[in-house]
Asker: 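Quick one: the structure is below, questions incoming.
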Amino acid sequence: QLRTLRPTPAYQQSILARLLSTLAVLEQREGKLNMSSLAAVSAGQKLGASVTGFVAGSGVKAVADEAAKVKGKEKVIYVENGAYDKGLPENFAPLLVENIKKNGFTHILAGHSAFGKNLMPRVAAMLDTQQISDITDIESEDTFVRPIYAGNAILTVKSSDATKVITVRGTAFASDEPTDNEAEVVEGVDPKSDSPTEWISEDLAKSDRPELATAAKVVSGGRGLKSKEEFDRLMPPLADALGAAIGASRAAVDSGFADNSLQVGQTGKNVAPQLYLCAGISGAIQHLAGMKDSKVIACINKDGDAPIFQIADVGLVGDLFDKVPELTEKLNKA
Ligand code: FAD
């Protein structure tokens, strides 16, 4: 008796997984792996494909060895060359494309960070594909989810390109710390292309506080703080009492209360800490777009009708000039 042998969905899925291969572009700074860039690995795992990490710069073999310990990766490719230290896209894109072509990766993932946003459009252009930005979920190997209009609408995008070039929202894909995985570490190809761009210098603000984009706790101040003097008087002690990073609304940044790098929201940073505690922030949609995925949202505002209370898990109606010092004092005593 003849029977049609149809592959089961599980079998089809396993064949598909073997055909897909993901390259997760990792970030490093001065020989240290940027842990938030590991979200690209988690997104790759969700695709169900084999995941290869990629890192380049001077002395990056040690970074590659560390990255190899993160579960979910089969291989880490590294390229030792100081020309890639600062992640200049003019240098990095030809390097990446060369390694993509050599290995035939189907999906190229990088974090939606300054580095990823700078690099990936260039990589996509060189591969003649459409780049897909800031994805928050993966439905299948060709269908991705991304927020648009400051997170007010969610778009599902289907790509017919052979190679998908994607940036990943770090807060949407939890990244694993290096543990006991043992991925193979191999040297990649270095095209050593001539670049018209050269790194001259950088001027970085130094802070002992956790980095805003990846901090587990964030305290954020808004226009309600009234002045830079009040912002500096009230917010840093509260942040120190909690071991938190400091953020700010755009109104606070535009009014000169806080540095531009602290802005949270649609045109600032996206954060999703365990705790987001804000004072003197009304909760405009452009601000919510950058922090609404926080686990616990707490707010202090003197106007009980402020929209921030609609999204907050814990809200305190009161004058921040009384409540913030009181809270700081209580936290320091606890
Ligand atoms: P306000 O809206 O003025 O709110 C101040 C709050 O403080 C009020 O609710 C008030 O009740 C409270 N308050 C005042 N005094 C006290 C007190 N003594 N005690 C307690 N509470 C007090 N905004 C962002 O934050 N991030 C962005 O990335 C961003 N991108 C934008 C992009 C575009 C294209 C546009 C058009 C706007 C964008 N905005 C962004 C601006 C946004 O629309 C709001 O204007 C801004 O978020 C308001 O900041 P705020 O809440 O600090 O100020």
Side-chain angles (χ1 to χ4, degrees), residues 111-114 116-117 133-134 136 146-155 167 169-172 205 211-215 217-239 241-242 244-273 275-294 297-331:
H112 193 68
S113 58
K117 285 190 267 188
S133 290
D134 199 18
T136 51
R146 57 180 300 255
I148 55 169
Y149 303 126
N152 285 307
I154 303 296
L155 186 73
T167 61
R169 184 175 289 203
T171 52
E211 211 213 320
L212 176 59
T214 52
K217 292 174 195 162
V218 173
V219 297
S220 215
R223 194 177 351 231
L225 267 298
K226 303 271 187 294
S227 68
K228 177 168 169 41
E229 288 66 39
E230 291 299 332
F231 193 101
D232 289 345
R233 184 176 72 84
L234 295 178
M235 299 312 285
L238 179 60
L242 280 166
I246 299 182
S249 70
R250 177 159 154 183
V253 169
D254 287 351
S255 310
F257 305 174
D259 188 74
N260 189 272
S261 62
L262 302 188
Q263 186 176 318
V264 172
Q266 181 188 340
T267 40
K269 294 209 165 86
N270 278 310
V271 299
L275 172 68
Y276 187 84
L277 168 59
C278 60
I281 289 183
S282 60
I285 51 164
Q286 295 90 352
H287 187 79
L288 302 186
M291 44 62 80
K292 64 177 170 27
D293 294 328
S294 306
I297 297 172
C299 68
I300 303 173
N301 196 304
K302 69 177 182 188
D303 173 9
D305 292 327
I308 191 73
F309 286 105
Q310 288 167 20
I311 187 181
D313 300 289
V314 189
L316 181 59
V317 180
D319 189 332
L320 69 87
F321 294 103
D322 299 330
K323 301 298 174 197
V324 171
E326 193 183 324
L327 181 60
T328 307
E329 198 187 318
K330 285 195 171 142
L331 285 166

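Note that the numbering runs from 1 along the sequence shown for the chain. Predicted model only: the values in this text are computed from it and were never measured. Whatever order the structure lists ligands and atoms in, that order sets their numbers, starting from 1.
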Asker: Hey, are the side chains of Q266 and N152 touching, using non-hydrogen atoms and a 4.5 Å cut-off?
Answerer: no

Asker: What is the closest protein heavy atom to atom 39 (N) of ligand 1, and at what distance does it sit?
Answerer: Q286 CB, 3.5 Å

Asker: Short list, please: which atoms of ligand 1 are under 4.0 Å from a heavy atom of F321?
Answerer: 18 (N)

Asker: Which atom names give the shortest non-hydrogen contact between P273 and S294, and what distance separates them?
Answerer: CD-OG, 3.2 Å

Asker: List ligand 1 atoms under 4.0 Å from D319, heavy atoms only on the residue side.
Answerer: 17 (C), 18 (N), 19 (N)

Asker: Mind checking whether S282 contacts ligand 1 via backbone (N, CA, C, O), side chain (CB onward), both or neither, at a 4.0 Å heavy-atom cut-off?
Answerer: both

Asker: Specify the protein heavy atom at minimum distance from atom 21 (N) of ligand 1: its residue, its atom name, and the distance to 0.1 Å.
Answerer: K302 N, 3.1 Å

Asker: Near A251, which atoms of ligand 1 are under 4.0 Å from a heavy atom of that residue?
Answerer: 48 (C), 49 (O), 50 (P), 52 (O), 53 (O)

Asker: Which residue owns the protein heavy atom closest to atom 19 (N) of ligand 1, what's the atom, and how far is it?
Answerer: L320 N, 2.9 Å

Asker: Give, for atom CZ of R223 and atom CZ of R250, the distance between the pair rounded to the nearest 0.5 Å.
Answerer: 10.5 Å

Asker: Answer side chain, backbone, both or neither: which part of I285 comes under 4.0 Å from ligand 1, heavy atoms only.
Answerer: neither

Asker: In the protein, which heavy atom is nearest to atom 50 (P) of ligand 1, and how far is it?
Answerer: S249 OG, 3.5 Å

Asker: How many angstroms lie between OG in S220 and CG in L238, if you round to the nearest 0.5 Å?
Answerer: 10.5 Å

Asker: Short list, please: which atoms of ligand 1 are under 4.0 Å from a heavy atom of G318?
Answerer: 19 (N), 20 (C)

Asker: Measuring only between side-chain heavy atoms, which start at C-beta, is M235 closer than 4.5 Å to F257?
Answerer: no

Asker: Please report whether ligand 1 has a polar contact with V264, defined as an N or O pair separated by less than 3.5 Å (distance criterion only).
Answerer: yes

Asker: Tell me which protein heavy atom sits closest to atom 41 (C) of ligand 1, plus the residue, atom name and distance to 0.1 Å.
Answerer: R250 CB, 4.2 Å

Asker: Start with the C-alpha distance between D319 and K302, add both sets of side-chain angles, then the distance that settles salt bridge (Lys or Arg N to Asp or Glu O under 4.0 Å), and finish with yes or no.
Answerer: CA-CA 5 Å; D319 189 332; K302 69 177 182 188; over 6 Å; no

Asker: Nearest non-hydrogen atom to atom 10 (C) of ligand 1 belongs to which of D303, L288, D254, N301?
Answerer: N301

Asker: Rounded to the nearest 0.5 Å, how far does CG of N270 lie from OG1 of T171?
Answerer: 5.5 Å

Asker: Just need the protein heavy atom nearest to atom 14 (C) of ligand 1, so name the residue and atom and give the distance.
Answerer: G224 CA, 3.5 Å

Asker: Please indicate whether any nitrogen or oxygen in A284 is less than 3.5 Å from any nitrogen or oxygen in ligand 1.
Answerer: no

Asker: Could you give the distance from NZ (K323) to CG (N301), rounded to the nearest 0.5 Å?
Answerer: 13.0 Å

Asker: If you define the side chain from C-beta out and look only at heavy atoms, does anything of L275 sit under 4.5 Å from V219?
Answerer: no

Asker: Which of the numbered atoms in ligand 1 are under 4.0 angstrom from any heavy atom belonging to G222?
Answerer: 52 (O)

Asker: Side chains of L234 and T328: closer than 4.5 Å at any heavy-atom pair?
Answerer: no

Asker: Is G280 close to ligand 1, meaning an N/O of one under 3.5 Å from an N/O of the other?
Answerer: yes

Asker: How does K226 reach ligand 1, by side chain, by backbone, by both or by neither, if only non-hydrogen atoms under 4.0 Å count?
Answerer: side chain

Asker: Short list, please: which atoms of ligand 1 are under 4.0 Å from a heavy atom of G265?
Answerer: 26 (N), 27 (C), 28 (O)

Asker: Starting from atom 27 (C) of ligand 1, locate the nearest protein heavy atom and write down its residue, its atom name and how far away it is, to 0.1 Å.
Answerer: Q263 NE2, 3.2 Å

Asker: Suppose we measure from atom 30 (N) of ligand 1 to each protein heavy atom; which comes out shortest, and what is that distance?
Answerer: T267 OG1, 2.6 Å

Asker: Are the side chains of T136 and P147 in contact, using a 4.5 Å heavy-atom criterion?
Answerer: yes

Asker: Check ligand 1 against Q266 and write out every atom of the ligand that is under 4.0 Å from a heavy-atom position of the residue.
Answerer: 27 (C), 28 (O), 32 (C)

Asker: Do F309 and V317 have side chains that approach each other closer than 4.5 Å (heavy atoms only, starting at C-beta)?
Answerer: yes

Asker: Using the rule side-chain hydrogen bond (donor to acceptor under 3.5 Å, both in side chains), only one of D259, N260, T267 pairs with Q263; which is it?
Answerer: T267

Asker: For ligand 1, which atoms have a heavy atom of G268 less than 4.0 angstrom away?
Answerer: 28 (O)

Asker: Taking the side chain as C-beta and beyond, is there a heavy-atom pair between K269 and S261 under 4.5 Å?
Answerer: yes

